[in-house]
Student: 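Okay, here's the structure, questions in a sec.
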2 protein chains.
Amino acid sequence: MPKIVDHHKQKEKLAEAAWRVILREGMERASVRNIAEEAGLSAGSLRHYFSTQSELLAFSMEMVSVRVKERIRGLPFTGEPIADAQLLLWELLPIDEERRAEMAVWLAFTAKALSDPLLQPLKDEIYAEMKLGMVSVIEELFNRYHSTASKEERALEAERLYALLDGLAIHSIMKPAEVDAGVMKSVIKQHINSICRNDPAAGG
Amino acid sequence: MPKIVDHHKQKEKLAEAAWRVILREGMERASVRNIAEEAGLSAGSLRHYFSTQSELLAFSMEMVSVRVKERIRGLPFTGEPIADAQLLLWELLPIDEERRAEMAVWLAFTAKALSDPLLQPLKDEIYAEMKLGMVSVIEELFNRYHSTASKEERALEAERLYALLDGLAIHSIMKPAEVDAGVMKSVIKQHINSICRNDPAAGG
């Protein structure tokens, strides 16, 4: 198996080179040639691992997704819905340099996926996984605080939470000094508190 | 003055050609050559109007911004804070084809602005204008429903509203069938209602 491991390691190295190029120069400069140069390889050797730029970008994005999922599995969840929701949501925000880089790759990838059909299945998969995560956060909160809420109310709250999370992340990438880790955490805290305080029976 | 008007008209025509290329093929294909071809001009004539690709993209984005502001000025505001807030926020969401195209250009522009210093002043200007709009929505709502709320609470709610709006818009661009106009309007309605129902004195 060592050959397969090496092959995967080399792909990871190339994906990381792609990240650096995207972060530094933008997606439109992330050509096979530039990424190969960044990784210290010839464009020909890069094509041994990825036959197209789209394939390489999809792999880079998948690497982000795998890393985020690994970190989430390691979180010290307690079973207390509000604390657990905060823990999970903070993990999905660009609160430090590593997460900022991941988020910037996600933003560039998403913008490109709009016009690249080869990237759409992965974009859809990531969207669906994230949405499922938001649905489960809302389920935990509602089962504790609004067990009578309807399916429709829960679905609406899951989309509201997911949109808030992605909007915050993008604003933080755009305006790091204005929307910093403290602001993002306060907004999420306020949002969760407001969900748990609302009485869905009061209308809306 | 007719010459100046013609010059501006020609720039608009080029900006619209840029939109079409961005929407159809993505930002990385929006080269001076491709945009000139789309507009039926030579790359040389395009350079008569825009000396760089960044200048052309900035002009296209500014055109989006001008159009949105014109539409907002024409909205039938009533002075009733909740109804007015909904009217304004819906105008900023991709609820039809024209607004979807504008939003897709904004997303591509934002992703590119992260690595193009020439685009950053305009990106910052648009962010600041939008943020100011959100601050004024929250002011109107809070003056009516929570006049005792602190400056900090208002600032936090403005960022929460702005993040929600941009997150919804991006999700709708990514997943038009899942996050359609109806879902976006319901989420905004629920959000405004929840803000007006909350009692900030209850903590958060």
Side-chain angles (χ1 to χ4, degrees), chain A residues 22-31 53 104 107-116 120 123-124 127-128 131 152-153 155-157 159-175 178-179 183-184 186-195 197-199 202-204, chain B residues 22-31 53 104 107-116 120 123-124 127-128 131 152-153 155-157 159-175 178-179 183-184 186-195 197-199 202-204:
Chain A
I22 292 168
L23 288 176
R24 202 177 56 223
E25 303 173 53
M27 185 58 100
E28 73 284 358
R29 292 274 303 149
S31 63
Q53 189 211 24
L107 183 59
F109 173 85
T110 298
K112 188 169 163 63
L114 293 179
S115 59
D116 186 339
Q120 276 164 26
K123 181 206 71 179
D124 288 350
Y127 180 92
K131 185 66 168 271
E152 290 71 28
E153 283 169 312
L156 205 69
E157 284 296 356
E159 179 51 40
R160 186 159 74 113
L161 180 61
Y162 185 14
L164 177 68
L165 191 78
D166 272 351
L168 273 179
I170 286 169
H171 288 178
S172 178
I173 296 292
M174 287 171 70
K175 303 288 283 178
E178 201 169 317
V179 185
V183 169
M184 290 190 280
S186 298
V187 170
I188 288 294
K189 216 168 166 173
Q190 157 70 6
H191 191 73
I192 294 175
N193 283 340
S194 116
I195 286 177
R197 219 157 50 217
N198 279 346
D199 178 11
Chain B
I22 292 168
L23 288 176
R24 202 176 55 224
E25 303 172 52
M27 187 58 103
E28 74 283 358
R29 292 274 303 151
S31 63
Q53 189 211 23
L107 183 59
F109 174 86
T110 299
K112 188 169 164 63
L114 293 179
S115 59
D116 185 340
Q120 277 164 26
K123 181 206 70 179
D124 287 350
Y127 180 92
K131 185 68 168 271
E152 290 71 28
E153 283 169 312
L156 205 68
E157 284 296 355
E159 178 51 40
R160 187 160 73 112
L161 179 61
Y162 186 14
L164 177 66
L165 192 77
D166 273 351
L168 272 180
I170 286 169
H171 287 178
S172 177
I173 296 293
M174 287 170 72
K175 302 289 282 179
E178 199 168 320
V179 186
V183 169
M184 289 190 280
S186 299
V187 169
I188 289 295
K189 217 168 167 174
Q190 157 70 5
H191 191 72
I192 294 176
N193 283 341
S194 115
I195 287 177
R197 219 156 51 216
N198 279 348
D199 178 10

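These values consider heavy atoms only, across backbone and side chains, with no hydrogens, waters or symmetry-generated copies. Every chain is numbered from 1 and lettered A, B, ... according to where its sequence line falls, protein lines coming before strand lines.
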Student: First locate atom CG of A:Asp166, then atom CG of B:Leu164, and finally report the distance between them rounded to the nearest 0.5 Å.
Tutor: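 Those atoms lie 11.0 Å apart.
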
Student: Under 30°, 30 to 60°, or over 60°: which ring-plane class applies to A:His171 and B:Tyr127, parallel, tilted or perpendicular?
Tutor: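 Perpendicular, since the angle between the ring planes exceeds 60°.
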
Student: Ignoring hydrogens, what is the shortest heavy-atom contact between A:Met174 and B:Leu114? Give both atom names and the distance.
Tutor: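 Smallest interatomic distance, heavy atoms only, reads CA-CD2, 4.4 Å.
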
Student: Does a donor on one side chain and an acceptor on the other come within less than 3.5 Å for B:Glu153 and A:Gln190?
Tutor: no

Student: Assess whether side chain to side chain contact (heavy atoms under 4.5 Å, CB included) is satisfied between A:Glu178 and B:Lys131, documenting all intermediate values.
Tutor: CA-CA 11 Å; A:Glu178 201 169 317; B:Lys131 185 68 168 271; 3.3 Å; yes

Student: Considering only heavy atoms, which portion of A:Gln120 lies under 4.5 Å from any heavy atom of chain B: side chain, backbone, both, or neither?
Tutor: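 Interface part for A:Gln120: neither.
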
Student: Taking the side chain as every heavy atom from C-beta outward, state whether A:Leu107 and B:Leu107 have any atom pair closer than 4.5 Å.
Tutor: yes

Student: Would you mind checking which part of B:Arg29 comes under 4.5 Å of any heavy atom in chain A, side chain (CB onward), backbone (N, CA, C, O), both or neither?
Tutor: neither

Student: Side chain, backbone, both or neither: which part of B:Ile173 has an atom under 4.5 Å from a heavy atom of chain A?
Tutor: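 Contact with chain A is through both the backbone and side chain of B:Ile173.
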
Student: Show the nearest heavy-atom pair for residues A:Ala163 and B:Leu168, with the distance to one decimal.
Tutor: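 Residues A:Ala163 and B:Leu168, closest heavy atoms: CB-N, 3.5 Å.
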
Student: Quick check: do B:Ser186 and A:Glu159 have side-chain heavy atoms less than 4.5 Å from each other?
Tutor: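 No. Closest side-chain heavy atoms not under 4.5 Å.
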
Student: Less than 4.5 Å to any heavy atom of chain B: does that hold for the side chain of A:Ile170, its backbone, both, or neither?
Tutor: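 Contact with chain B: side chain only.
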
Student: Among A:Leu165, A:Ile192, A:Ile22, A:Asp124, single out the residue with the greatest number of heavy-atom pairs under 4.5 Å to chain B.
Tutor: A:Asp124

